[in-house]
Amino acid sequence: MNNSVTNTARLLGAALRALLVLTLVTGVLYPLAVTGVAQGLFHEKANGSEIEADGRVVGSSLIGQHYDLPLKKGQDTPDPDPKWFQGRPAGGLGGNSVNTRYKLILSGATNLAADSGAVNGTCPAEPEAGTLCARVLAAKAAVVKDNSVPGYTVKPSDVPADAVTSSGSGLDPAISPAYAALQVHRVAARNGLPVAEVQKLVEDHTQGRALGFIGEPRVNVLELNIAVKDLAARR
């Protein structure tokens, strides 16, 4: 009996010591080590790839934002602000109804099939409401209308795919150089800037493929809009 109690006590003591050691190693030392390495070698990325403007954090280079006008009476969704470059459509995103103190953007796709609304593989002129074809055609018409300014008319064939389709997450922070170029004349006109200078901003903010072969060239919309704001402020 005494040996059994002693063995049980010894095993419990060993288990407790193992618990304490593993808690210290995996719950304290390892997180501290990883955090230290991340802060030392990848400080910007470890802190969310934050973007600052005017001395404050205005967003992350990894998450897209909306650039909209104030919501008008009777509107469900605000109109895009024509002064700024616009990102990809955010189809499928829900609203944050739980923690209303913070207007968090929720990740999500439309879950619509690639042929949603199509007839024989092609979108008809008047697709069924709510289908992907209906959304794409409506988005294309809006892009053509919004970006056509005096002296510059956008044709439907000029609209790139990323201007009318959302990414899988709906939070893509970047657009294609083609979509950015399509918006140059509108942004220049709305801000009273020369087209050539705005086009130069797009070129300066165009990033190539990762490692030279992964992905596609892209333009970070938030960084580009900050550059537009700075350029307008200097004039």
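Residue indices begin at 1 and follow the sequence shown. Only a predicted model underlies this, so the values are computations on that prediction, with no experimental measurement involved.
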Item checked: Glu203, CD: over 12 other non-hydrogen atoms inside 6.0 angstrom ->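 Buried by this count: over 12 neighbours within 6.0 Å.
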Margin query: So for atom CD, which belongs to Gln75, do other residues, nucleotides or ligands contribute more than 12 heavy atoms lying within a distance under 6.0 Å?
Written below: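 Yes, enclosed.
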Margin query: Is there a continuous path of hydrophobic side-chain contacts, each under 4.5 Å between heavy atoms, that joins Leu222 to Ile63?
Written below: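 No, it is not one cluster - the side chains of Leu222 and Ile63 are not joined through contacts under 4.5 Å.
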Notebook entry, point to check: Tracing side-chain links under 4.5 Å among I, L, V, M, F, W and Y, which residues wind up in one group with Leu41?
Noted result: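 The other cluster members (ILVMFWY side chains, heavy atoms under 4.5 Å, direct or chained) are Val37, Phe42.
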Note to self: Test question: given the 4.5 Å side-chain rule for I, L, V, M, F, W and Y, name all other residues clustered with Phe213, or answer none.
What the structure shows: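 Via sub-4.5 Å side-chain contacts, Phe213 links to Leu211, Ile214.
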Is it the case that [X] and [Y] place a side-chain donor and acceptor less than 3.5 Å from each other?
| X | Y | answer |
| --- | --- | --- |
| Asn220 | Ser61 | no |
| Arg88 | Ser167 | no |
| Gln39 | Asn47 | yes |

Next item on the list: For Ile175 and Gln183, run side chain to side chain contact (heavy atoms under 4.5 Å, CB included): C-alpha distance rounded to whole Å, both residues' side-chain angles, the deciding distance at 0.1 Å, then the answer.
Entry: CA-CA 11 Å; Ile175 56 177; Gln183 302 182 64; 3.6 Å; yes
N/O donor-acceptor pairs under 3.5 Å from side chains in residues 13-26, not counting sequence neighbours:
{"unit_1": "Thr23", "atom_1": "OG1", "unit_2": "Leu19", "atom_2": "O", "d": "2.7"}
{"unit_1": "Thr26", "atom_1": "OG1", "unit_2": "Leu22", "atom_2": "O", "d": "2.5"}

Are the side chains of [X] and [Y] in touch, meaning some heavy atoms are under 4.5 Å apart?
| X | Y | result |
| --- | --- | --- |
| Ile226 | Val58 | yes |
| Leu137 | Pro127 | yes |
| Val219 | Ser176 | no |

Check: Partners of Asp76 by salt bridge (Lys or Arg N to Asp or Glu O under 4.0 Å), sequence neighbours excluded?
Finding: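 If we apply the salt bridge (Lys or Arg N to Asp or Glu O under 4.0 Å) test to Asp76, skipping adjacent residues, there are no hits.
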Next item on the list: Output yes when Asp230 and Arg234 qualify as a salt bridge under the 4.0 Å nitrogen-oxygen rule, no when they do not.
Entry: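 No, Asp230 and Arg234 are not salt-bridged.
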Next item on the list: Taking only Lys NZ, Arg NE, NH1 and NH2, and the carboxylate oxygens of Asp or Glu, determine whether Asp172 and Arg218 approach each other closer than 4.0 Å.
Entry: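 The answer is no: the pair does not qualify as a salt bridge.
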Next item on the list: Please name all residues satisfying ring pair (Phe, Tyr, Trp, His ring centres under 6.0 Å) with His185, sequence neighbours left out, ordered by chain then number.
Entry: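 Listed in chain order: Tyr152.
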Checklist line | Contacts of Tyr30 that satisfy ring pair (Phe, Tyr, Trp, His ring centres under 6.0 Å) - sequence neighbours left out | finding: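 Tyr30 satisfies ring pair (Phe, Tyr, Trp, His ring centres under 6.0 Å) with no residue once adjacent residues are dropped.
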Margin query: Among Leu193, Asn147, Val202, Leu201, which residue satisfies the side chain to side chain contact (heavy atoms under 4.5 Å, CB included) criterion with Val184?
Written below: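 So the option named by the test is Val202.
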